[in-house]
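First the structure, in the form of structure tokens, and then the observations on it.
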Amino acid sequence: MLDRVLNPSASGPIFARQDGVATGWAVSTAPVGYAQAVDAMEARAAAIAEGRAGELIWLLEHPPIYTAGVSSKPADLLEPGRFPVFQSGRGGQFTYHGPGQRVVYVMLDLSKRQRDVRAFVGALETWVIGALATFNVTGAVRPGRVGVWVERRTPGAPVREDKIAAIGVKLRRWVSFHGVSLNVEPDLGHFSGIVPCGIAEHGVTSLVDLGLPVTLDEADEALRANFTQVFGPVDAAPAPI
């Protein structure tokens, strides 16, 4: 069985800022190039660390690309000429980004929350699992595997576990960047050019693949509502680019 992440308690958000200041929430409506997004994200994270800017959650889509995390293995890039490949400073291995996938860059100041990386990753998992529950999807985490998974049950067949959301973060001066990608309606065939996150024995899925006609806007609303339950209040903010 998959291991569930507990929902936030009724006592309040589990990873809130100590001063109660709201986090900026920005959505880019047009696809953003990966290199440009990373430059903007790293600049914003530096500004947060220096006290020149507030925290920011940035939701966007990328054109079809593969990214290689710091633990990636060259052999896991099965089709190197299929899409552009970018080296990434985040944790993890190879992943795919593209239209229909909600990428969420998470720029939070853990010195204002908890200086606990394990608790932070757990809070991200809890956030995503709560958002999935909005659509009656049971998400879970698995020891030894990063991300959020769902069980796929077919009569007469063994239970299958597919990844629906990836998590890969980095911290610099206790400010996070990179973040989460949630499969809403991407072309799942695009994942075949890599071994996603280095895990060949399990597949990938999406909300639409699960039979749920969820739009990006609906996914965004679920993410926003559940973010407030885990991390605290948000305010609308402009995208960095």
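Only heavy atoms go into these numbers, but all of them, side chains included; no hydrogens, no water, no symmetry mates.
The two residues His178 and Ser88 come nearest to each other via the heavy atoms CE1-OG, 3.3 Å. Listed here is the closest heavy atom pair of Val184 and Ala219: CG2-CB, 3.8 Å. The two atoms that bring Gly211 and Pro213 nearest to each other are O-CD, 3.6 Å, heavy atoms only. When every heavy atom of Gln114 is checked against every heavy atom of Ala119, the shortest pair comes out as OE1-CB, 3.9 Å. For the pair Ser206 and Pro186, the tightest heavy-atom approach, listed with the atom from each and the gap, is CB-CD, 3.8 Å. Pairing each heavy atom of Ile241 with each of Ala37, the nearest pair is CD1-N, 4.2 Å.
Enclosure of atom CD in Glu185 is not indicated, since only 12 or fewer non-hydrogen atoms of other residues, nucleotides or ligands lie within 6.0 angstrom.
Applying the side chain to side chain donor-acceptor pair (under 3.5 Å) test to Arg152 and every residue at least two apart in sequence or in another chain returns Asp162, Thr205, Asp209. Residues satisfying the ring-ring contact (aromatic ring centres under 6.0 Å, His included) criterion with Trp25, sequence neighbours excluded, are Phe227. Arg52 pairs by the side chain to side chain donor-acceptor pair (under 3.5 Å) definition with Glu50, not counting sequence neighbours. Shown here are the side chain to side chain donor-acceptor pair (under 3.5 Å) partners of Gln36, two or more places apart in sequence or in another chain: there are none. Every residue meeting the side chain to side chain contact (heavy atoms under 4.5 Å, CB included) condition with Ala35, not counting sequence neighbours, appears here in chain and number order: Phe86. Under the ring-ring contact (aromatic ring centres under 6.0 Å, His included) criterion, Phe15 pairs with Phe120, Phe231, not counting sequence neighbours. Scanning for side chain to side chain donor-acceptor pair (under 3.5 Å) contacts around Ser28 gives Trp58, with sequence neighbours left out. Evaluation of the side chain to side chain contact (heavy atoms under 4.5 Å, CB included) rule for Ala22 yields Pro233, Asp235 as partners, not counting sequence neighbours.
For the pair Ile65 and Val85, the minimum side-chain heavy-atom distance is 4.5 Å or more. Here the side chains of Val234 and Thr228 are in contact, with some heavy-atom distance below 4.5 Å. Using a 4.5 Å heavy-atom threshold, the side chains of Pro240 and Met41 count as separate.
Ring pair Phe83/Tyr66: centre-to-centre distance below 6.0 Å.
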- Go through the steps for Thr67 and Arg90 under the test side-chain hydrogen bond (donor to acceptor under 3.5 Å, both in side chains), then give the verdict. CA-CA 9 Å; Thr67 67; Arg90 61 165 172 79; 2.8 Å; yes
- Start with the C-alpha distance between Gln93 and Asp76, add both sets of side-chain angles, then the distance that settles side-chain contact (heavy atoms from CB on, under 4.5 Å), and finish with yes or no. CA-CA 9 Å; Gln93 303 186 45; Asp76 287 343; 3.5 Å; yes
- Item | Criterion side-chain contact (heavy atoms from CB on, under 4.5 Å) on Val175 and Leu110, from CA distance to verdict | CA-CA 6 Å; Val175 175; Leu110 270 61; over 6 Å; no
- Query: So Arg160 and Arg153, side-chain contact (heavy atoms from CB on, under 4.5 Å) or not? Walk me through it.
  - Reply: CA-CA 6 Å; Arg160 196 174 89 203; Arg153 296 179 178 272; over 6 Å; no
- Task: Determine, step by step, whether Arg44 and Glu42 satisfy the salt bridge (Lys or Arg N to Asp or Glu O under 4.0 Å) criterion, reporting the C-alpha distance in whole Å, the side-chain angles of both residues, the deciding distance to 0.1 Å, and the verdict.
- Result: CA-CA 5 Å; Arg44 180 60 175 253; Glu42 292 200 355; over 6 Å; no
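Pairs passing the salt bridge (Lys or Arg N to Asp or Glu O under 4.0 Å) check and including a residue from residues 14-36, sequence neighbours excluded, read Arg17-Asp19, Arg17-Glu55. Sequence neighbours left out, the pairs with a member in residues 197-226 that pass ring-ring contact (aromatic ring centres under 6.0 Å, His included) are Trp149-His202.
Hydrophobic cluster membership is shared by Val169 and Trp127, with clusters built from Ile, Leu, Val, Met, Phe, Trp and Tyr side chains linked at under 4.5 angstrom. Residues Leu59 and Leu216 share a single hydrophobic cluster, defined by chaining ILVMFWY side chains whose heavy atoms lie under 4.5 Å apart. Hydrophobic clustering of Ile, Leu, Val, Met, Phe, Trp and Tyr side chains at less than 4.5 Å, counting indirect connections, keeps Val146 apart from Val204. Hydrophobic clustering places Val121 together with Ile164 (ILVMFWY residues linked when any side-chain heavy atoms are closer than 4.5 Å, directly or through intermediates). Tracing side-chain contacts under 4.5 Å through hydrophobic residues (I, L, V, M, F, W, Y), one never reaches Tyr34 starting from Leu182; they form parts of separate clusters.
Once rounded to the nearest 0.5 Å, the distance linking CG of Leu132 with CG of Leu210 reads 9.0 Å. In this structure, the separation between OG on Ser111 and CG on Leu171 is 10.5 Å, given to the nearest 0.5 Å. Atom CG in Leu56 sits 13.0 Å away from atom CG in Asp109 (nearest 0.5 Å). Rounding to the nearest 0.5 Å places CH2 of Trp174 at 13.5 Å from CG of Leu108. Distance check: Ser176 OG to Arg113 CZ gives 8.5 Å after rounding to the nearest 0.5 Å. If you take CD on Glu221 and OG1 on Thr134, they are separated by 9.0 Å, rounding to the nearest 0.5 Å.
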Show me, pair by pair, the donor-acceptor contacts under 3.5 angstrom made by side chains of residues 191-198, not counting sequence neighbours?
residue: Ser192; atom: OG; partner: Arg82; partner atom: NH1; Å: 2.8
residue: Ser192; atom: OG; partner: Gly189; partner atom: O; Å: 2.7

Under 3.5 Å, which donor-acceptor pairs link side chains of residues 95-107 to any protein atom two or more places apart or in another chain?
residue: Tyr96; atom: OH; partner: His190; partner atom: ND1; Å: 2.7
residue: His97; atom: ND1; partner: Gln101; partner atom: OE1; Å: 2.7
residue: Gln101; atom: NE2; partner: Tyr96; partner atom: O; Å: 3.1
residue: Gln101; atom: NE2; partner: Asn183; partner atom: OD1; Å: 3.0
residue: Arg102; atom: NE; partner: Asp220; partner atom: OD1; Å: 2.7
residue: Arg102; atom: NH1; partner: Leu60; partner atom: O; Å: 3.1
residue: Arg102; atom: NH2; partner: Asp220; partner atom: OD2; Å: 2.9
residue: Tyr105; atom: OH; partner: His62; partner atom: NE2; Å: 2.8

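In the model, Asp217 has no side-chain atom that pairs as donor or acceptor with a side-chain atom of Thr215 under 3.5 Å.
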